[in-house]
2 protein chains.
Amino acid sequence: MGISKIDKMQNLSKNQQIIFDLINKSPEPLKAYTILFNVQKKGIKAPLQVYRALDKLVEIGKIHKIESRNAFIACHNSSCQVAKATAFSICEICEKVTEISSAGLSKYLANFKDKDGMKYSKYNLEFFGLCKKCR
Amino acid sequence: MGISKIDKMQNLSKNQQIIFDLINKSPEPLKAYTILFNVQKKGIKAPLQVYRALDKLVEIGKIHKIESRNAFIACHNSSCQVAKATAFSICEICEKVTEISSAGLSKYLANFKDKDGMKYSKYNLEFFGLCKKCR
DNA sequence: AACACTATGTAATAATATAACATTTATAAG
DNA sequence: CTTATAAATGTTATATTATTACATAGTGTT
């Protein structure tokens, strides 16, 4: 049998898996040092170990970084193999973050050209407002 | 005569003016500690003095923060009184950043509603790609 | 003058992220 | 299966980004 290339790309290393599991089960974005604190019992002791796993997880699209918050959430968009087109809504009161998946929005942004006719390979969009609960 | 409320809001304090001038004449986004280094000869000695001025300048829309780079650029969009609707293109090689002003884009995003019909009061969009020179 | 508000100055420290180097583990090719 | 290569790990130290806390000074209004 053996492991195909596709299978392999889905296999995370030990540290990557530990950190992904933590982020994936969190209802809210996690910060790097919060992650570090929470995985110390699993043997991950240093910031760099966390940042390396985060970098890789972002690279392969398993998680996204919320830039305005320096925090990370799991990708819940099944089509998201790479971190190249992301959109989030962020509640300015409770800090709840939701990944937006709107075909219309992603189509509009993927096709957006600036004045010079330049198209872009990647984007990140963060919307801010008040969530249902906080309104 | 006196100074009206509108006039007052356009007047920057000493530190704010020094820091705005520096950012405004820079061809590229400046980081907080780069700013600090460059204004020390003008008597601004501590990080907090820089961050306070930056906070205010962002609040009144004179500058914008490029979240993915932790850097600041002057707003060149005359209609931008507040930092509530921003879009940038970022070259991944030379790190050149340009503020995008597209009526179509801002209209689309200002009117965007998510699945729950929620509208947002603010957004920030960062496009990534290669600029003309770097292609 | 009294008040409220905004801005400043200063020191200390918190929070976020990377550099450098040694070692180990996983994968693919011969 | 062994050798070459790439990917991941471990560890220490340090760089970068940002805030807390507290004291003081300026500005505009009443």
Side-chain angles (χ1 to χ4, degrees), chain A residues 1-23 28-73 95, chain B residues 1-23 28-73 95:
Chain A
M1 302 292 278
I3 300 173
S4 83
K5 198 165 182 183
I6 301 266
D7 287 339
K8 199 176 54 187
M9 291 182 70
Q10 291 172 338
N11 284 338
L12 302 177
S13 75
K14 182 170 135 278
N15 288 359
Q16 289 160 14
Q17 188 68 56
I18 290 169
I19 286 170
F20 175 71
D21 287 344
L22 181 69
I23 296 171
E28 53 191 12
L30 295 178
K31 291 173 161 258
Y33 278 72
T34 303
I35 292 167
L36 176 57
F37 179 79
N38 279 283
V39 296
Q40 277 176 336
K41 49 179 151 311
K42 306 234 180 194
I44 295 174
K45 292 172 190 162
L48 190 49
Q49 293 175 291
V50 172
Y51 281 104
R52 283 198 285 223
L54 289 173
D55 284 350
K56 187 68 182 183
L57 291 167
V58 166
E59 185 190 325
I60 64 179
K62 299 281 286 182
I63 66 172
H64 302 303
K65 183 172 187 180
I66 309 302
E67 293 286 357
S68 66
R69 299 300 186 259
N70 297 319
F72 299 85
I73 65 172
E95 293 290 325
Chain B
M1 302 289 278
I3 301 173
S4 80
K5 200 166 186 181
I6 301 265
D7 288 337
K8 201 176 53 190
M9 292 179 71
Q10 290 171 337
N11 285 338
L12 301 178
S13 73
K14 182 171 134 276
N15 288 358
Q16 289 159 15
Q17 189 68 55
I18 290 169
I19 287 170
F20 175 71
D21 287 345
L22 181 68
I23 296 171
E28 52 191 14
L30 295 178
K31 291 174 163 256
Y33 278 72
T34 303
I35 293 168
L36 176 57
F37 178 80
N38 279 284
V39 295
Q40 276 176 336
K41 50 179 149 313
K42 306 234 178 193
I44 295 176
K45 291 171 187 162
L48 188 49
Q49 293 174 291
V50 173
Y51 281 106
R52 282 197 287 223
L54 290 174
D55 284 351
K56 187 67 182 186
L57 292 168
V58 166
E59 185 191 324
I60 64 180
K62 299 281 285 182
I63 64 173
H64 302 302
K65 182 174 187 181
I66 309 302
E67 293 286 356
S68 65
R69 300 299 187 259
N70 297 318
F72 300 84
I73 66 173
E95 294 290 325

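Below, read A as the first sequence line, B as the second, and so on, with proteins coming before strands; counting in each chain starts at 1.
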Enquirer: To the nearest Å, give me how far apart CG (Leu12(A)) and P (dA26(C)) are.
Expert: 14 Å
Enquirer: Using a 4.5 Å cut-off on heavy atoms from C-beta on, say whether the side chain of Asn15(A) contacts that of Val39(A).
Expert: no
Enquirer: Kindly say if Lys56(B) contacts the phosphate of dT6(C), meaning a side-chain N or O under 4.0 Å from OP1 or OP2.
Expert: no
Enquirer: Does Ser13(A) put a side-chain nitrogen or oxygen below 4.0 Å from OP1 or OP2 of dA26(C)?
Expert: no
Enquirer: Within less than 4.0 Å of OP1 or OP2 of dA18(D), is there a side-chain N or O belonging to Asn70(B)?
Expert: yes
Enquirer: Measure the CG-CG distance between Leu36(B) and Leu30(B) for me, rounded to the nearest 0.5 Å.
Expert: 12.0 Å
Enquirer: When rounded to the nearest 0.5 angstrom, what distance separates OG in Ser13(B) from CG in Leu57(B)?
Expert: 8.0 Å
Enquirer: Quickly work out the Asn15(A) CG to dG10(D) C1' distance and round it to whole Å.
Expert: 9 Å
Enquirer: The side chain of Arg52(B) is closest to which nucleotide in this list: dT12(D), dA20(C), dA21(D)?
Expert: dA21(D)
Enquirer: Could you check how far CG of Leu30(B) sits from P of dA18(D), rounded to whole Å?
Expert: 13 Å
Enquirer: Of the nucleotides dA17(C), dA18(D), dG10(D), which one has an atom closest to the side chain of Lys65(B)?
Expert: dA18(D)
Enquirer: Output the single nucleotide from dA21(D), dT11(D), dT16(C) whose closest atom is nearest the side chain of Leu48(A).
Expert: dT11(D)
Enquirer: When you get a sec, tell me which of dT17(D), dT9(D), dT11(D) is the closest nucleotide to the side chain of Lys14(A)?
Expert: dT9(D)
Enquirer: Determine the sole option in Leu54(A), Asn70(A), Ile73(A) for which the side-chain contact (heavy atoms from CB on, under 4.5 Å) test with Lys65(A) is passed.
Expert: Asn70(A)
Enquirer: Could you give the distance from CD1 (Ile63(A)) to CG (Asp55(A)), rounded to the nearest 0.5 Å?
Expert: 8.5 Å
Enquirer: Want to settle it: does Ala53(A) or Pro47(A) sit nearer the 5' end of DNA chain D, counting the closest nucleotide to each?
Expert: Ala53(A)
Enquirer: What do you reckon, do Tyr33(B) and the base of dT17(D) stack, with centroid distance below 5.5 Å and planes below 30°?
Expert: yes
Enquirer: Between dA15(C) atom P and Phe37(A) atom CZ, what is the distance in whole Å?
Expert: 13 Å
Enquirer: Rounded to whole Å, how long is the line connecting atom CG of Asn11(B) with atom C1' of dG26(D)?
Expert: 14 Å
Enquirer: Find the distance Lys31(B):NZ to dA17(C):C1' and express it as a whole number of Å.
Expert: 10 Å
Enquirer: Over how many whole Å does the gap from Gln49(B) atom CD to dA18(D) atom P extend?
Expert: 17 Å
Enquirer: Would you mind telling me which of dG10(D), dT10(C), dA18(D) lies closest to the side-chain atoms of Ala32(B)?
Expert: dA18(D)
Enquirer: Whole Å only: how far is the CZ atom of Arg69(B) from the C1' atom of dT18(C)?
Expert: 16 Å
